[in-house]
Amino acid sequence: MLLRKAVPVLALTLAAVLPSPAAASAVPAAAARSSLAVVPAAAPTAVAATSDTSAVTTSGAVLADASAAVAAATSGASAAAATIAPSASTTDDGLRALASANPVIVVGGLSGFAAVYEPLAARLRADGYRVWIYELPKLGLGDITVSAGSLRNFVGQVRSSTGAAKVDLVAHSEGGLVSRYYIKNLGGGGIIGRYVSLGTPQYGTYVANLLAFLGLGSCAGIVACQQMTIGSSFLAALNAGDDTPGSVRWTTVRTWQDELVRPVDNAMLADGATNVLIQSKCPLRVVGHLALVVDGTTYSVIRQALRDHPINPSCLAL
């Protein structure tokens with residue numbers, strides 16, 4: 001996904017916002033290297049980042065609930081989360097989580113550090129959800145099927161920690177493909193209650209194909225990019241048969257200004273999914289690919305999807 005540009009740009013952006021990995025660490029390095037159990041939402045224990053800027057992992061996945069992630073994130077990320085977190089007046093509208101609500105796992109996308117998704121996690125926490133953030137192994141550069149296997153393990157640990165029978169997924173970009181593969185091929189169909197994807201190239205993106213056109217070979221050798229090219233064998237297999245298997249409630253969200261998923265409608269699913277185009281209700285709303293995780297209108301759709309309410313995007317939401 002614009003891998004020659006998007007990955008370095010995102011890395012530089014995070015480098016400007018985040019302190020050095022050593023400063024960001026909230027626990028001693030020895031503790032960070034130890035094995036990690038899922039941290040329940042009720043226990044706001046910090047989970048630190050390791051020295052190579054990857055978060056503490058189990059099977060390659062970040063294993064920190066969003067409450068803990070606040071302490072591990074930078075002060076800048078925390079400030080951003082506090083700025084956009086909904087106030088009581090915006091959440092007391094019947095869309096807050098029920099006491100019996102499923103835990104929610106925010107599944108990151110390509111090059112998406114866990115801290116990038118903390119603002120979204122903060123909104124969900126403010127709505128009463130128990131939230132975890134799953135950072136893709138190798139930041140999503142590797143095989144999507146391997147990332148899906150790690151997600152399966154992660155979901156199992158969240159369920160063990162919470163006692164929940166089912167878990168809901170809110171997935172950004174590549175994370176939506178990882179989640180779909182897990183649901184369709186790795187036994188997630190009976191475990192996932194709701195699936196909400198944000199700007200996921202369900203049927204591929206010409207941005208990935210463009211790298212070959214520019215003489216950079218097949219996605220510069222990056223496996224996940226190769227798998228997200230239009231017409232790839234991975235997508236052909238994933239999209240064979242039913243797009244929306246199992247009893248999962250499927251919702252996709254897309255935006256006309258998505259610079260990384262082209263054509264934009266490739267972010268849709270068939271077979272009964274609820275497909276939401278932000279600009280169909282809010283034509284003046286400008287939302288890019290990365291902005292989907294912090295945009296208020298997008299979040300209004302997520303809230304409605306998680307409560308099984310009719311989808312009616314709030315155009316003025318912050």
Side-chain angles (χ1 to χ4, degrees), residues 1-2 5-6 9-10 13 17 77 79-96 104 106-112 116-127 129 131 168-177 179 194-203 205-207 249-269 273-318:
M1 295 185 161
L2 281 181
K5 294 184 178 180
V9 169
L10 182 55
T13 302
V17 173
T83 299
I84 66 170
S87 64
S89 62
T90 63
T91 56
D92 294 338
D93 54 5
L95 286 172
R96 288 178 57 81
V104 177
V106 177
V107 183
L110 183 66
S111 301
V116 171
Y117 298 97
E118 174 52 30
L120 174 55
R123 288 184 187 266
L124 289 164
R125 279 200 313 276
D127 268 338
Y129 288 97
V131 186
D168 294 341
L169 301 179
V170 178
H172 179 234
S173 192
E174 181 191 336
L177 295 175
S179 300
R194 299 168 186 83
Y195 166 102
V196 183
S197 66
L198 311 176
T200 292
Q202 309 285 6
Y203 280 79
T205 172
Y206 281 128
V207 174
R249 296 182 69 95
W250 300 81
T251 303
T252 74
V253 183
R254 67 195 193 282
T255 171
W256 279 130
Q257 292 86 27
D258 195 321
E259 65 278 16
L260 296 182
V261 179
R262 291 289 168 177
V264 168
D265 285 348
N266 274 17
M268 299 171 61
L269 289 172
T274 299
N275 295 297
V276 181
L277 174 65
I278 294 295
Q279 290 76 24
S280 65
K281 173 69 183 297
C282 310
L284 300 181
R285 192 79 178 193
V286 177
V287 186
H289 184 76
L290 295 178
L292 283 165
V293 300
V294 296
D295 176 64
T297 297
T298 303
Y299 185 68
S300 72
V301 174
I302 295 171
R303 297 181 76 216
Q304 293 159 5
L306 292 179
R307 285 295 309 274
D308 300 329
H309 278 225
I311 302 300
N312 183 28
S314 174
C315 300
L316 300 180
L318 299 177

Problem - Separation between CH2 of W250 and CG of L169, rounded to the nearest 0.5 Å - result: 9.0 Å
Fill in the blank from the handout: Heavy atoms of L95 and R307 approach each other most closely as O-CG, 3.5 Å
Practice task
Return yes if some donor-acceptor pair links the side-chain N/O of E259 with the main-chain N/O of H289 below 3.5 Å, else return no.
Solution key: yes
Exercise for the section: Check whether any side-chain N or O of T200 sits under 3.5 Å from a backbone N or O of E174 as a donor-acceptor pair, and report yes or no. Expected result: no
Exercise for the section: List the steps, then state whether side chain to side chain contact (heavy atoms under 4.5 Å, CB included) holds for T251 with V276. Expected result: CA-CA 7 Å; T251 303; V276 181; 4.3 Å; yes
Problem - Under 3.5 Å donor-acceptor, Y299 side chain and R123 backbone - result: yes
Handout entry: Beyond-backbone contact of D258 with L292, side-chain heavy atoms, under 4.5 angstrom
Key = yes
Handout entry: N/O donor-acceptor pair under 3.5 Å between R249 side chain and V196 backbone
Key = no
Fill in the blank from the handout: So CH2 of W256 and CD1 of I278: to nearest 0.5 Å the spacing works out to 12.5 Å
Practice task
Heavy atoms only: give me the nearest G288-T255 pair and the separation to one decimal.
Solution key: O-CG2, 4.1 Å
Problem - Rounded distance (nearest 0.5 Å) linking atom CD1 of I302 with atom CG of D168 - result: 12.0 Å
Fill in the blank from the handout: Separation between CG (D308) and CZ (R194), nearest 0.5 Å, reads 4.0 Å
Practice task
Kindly say whether R285 contributes a backbone atom to a donor-acceptor pair with the side chain of Q279 at under 3.5 angstrom?
Solution key: yes
Practice task
Run the numbers on L306 and D127 for side chain to side chain contact (heavy atoms under 4.5 Å, CB included), then give the verdict.
Solution key: CA-CA 11 Å; L306 292 179; D127 268 338; over 6 Å; no
Problem - Distance in Å, D265 CG paired with Q202 CD, rounded so as to fall on 0.5 Å steps - result: 12.0 Å
Exercise for the section: Begin with the C-alpha distance, continue with both residues' side-chain angles, and end with the deciding distance and a verdict on side chain to side chain contact (heavy atoms under 4.5 Å, CB included) for H172 and L290. Expected result: CA-CA 9 Å; H172 179 234; L290 295 178; 4.1 Å; yes
Problem - Short side-chain to backbone donor-acceptor contact, S314 and S300, under 3.5 Å - result: no
Exercise for the section: Ignoring hydrogens and angles, tell me if any N or O in the side chain of Y195 forms a donor-acceptor pair with the backbone of A171 under 3.5 Å. Expected result: no
Practice task
Evaluate the side-chain proximity of P201 to L177: yes if any heavy-atom separation is below 4.5 Å, no if none is.
Solution key: yes
Completion exercise
The side chain to side chain contact (heavy atoms under 4.5 Å, CB included) partner of P313 among T298, L277, V301, V253 is V301
Practice task
Could you grab the distance from atom CZ of R303 to atom CG of L124, nearest 0.5 Å is fine?
Solution key: 9.5 Å
Practice task
With side chain to side chain contact (heavy atoms under 4.5 Å, CB included) as the test, would you mind laying out the steps for T205 and N266 before giving the verdict?
Solution key: CA-CA 7 Å; T205 172; N266 274 17; over 6 Å; no
Completion exercise
disulfide (SG to SG under 2.5 Å) pairs touching residues 282-318, sequence neighbours excluded, are C282-C315
Exercise for the section: Test R254 against every option in L198, V261, V264 by the side chain to side chain contact (heavy atoms under 4.5 Å, CB included) rule and name the one that passes. Expected result: V264
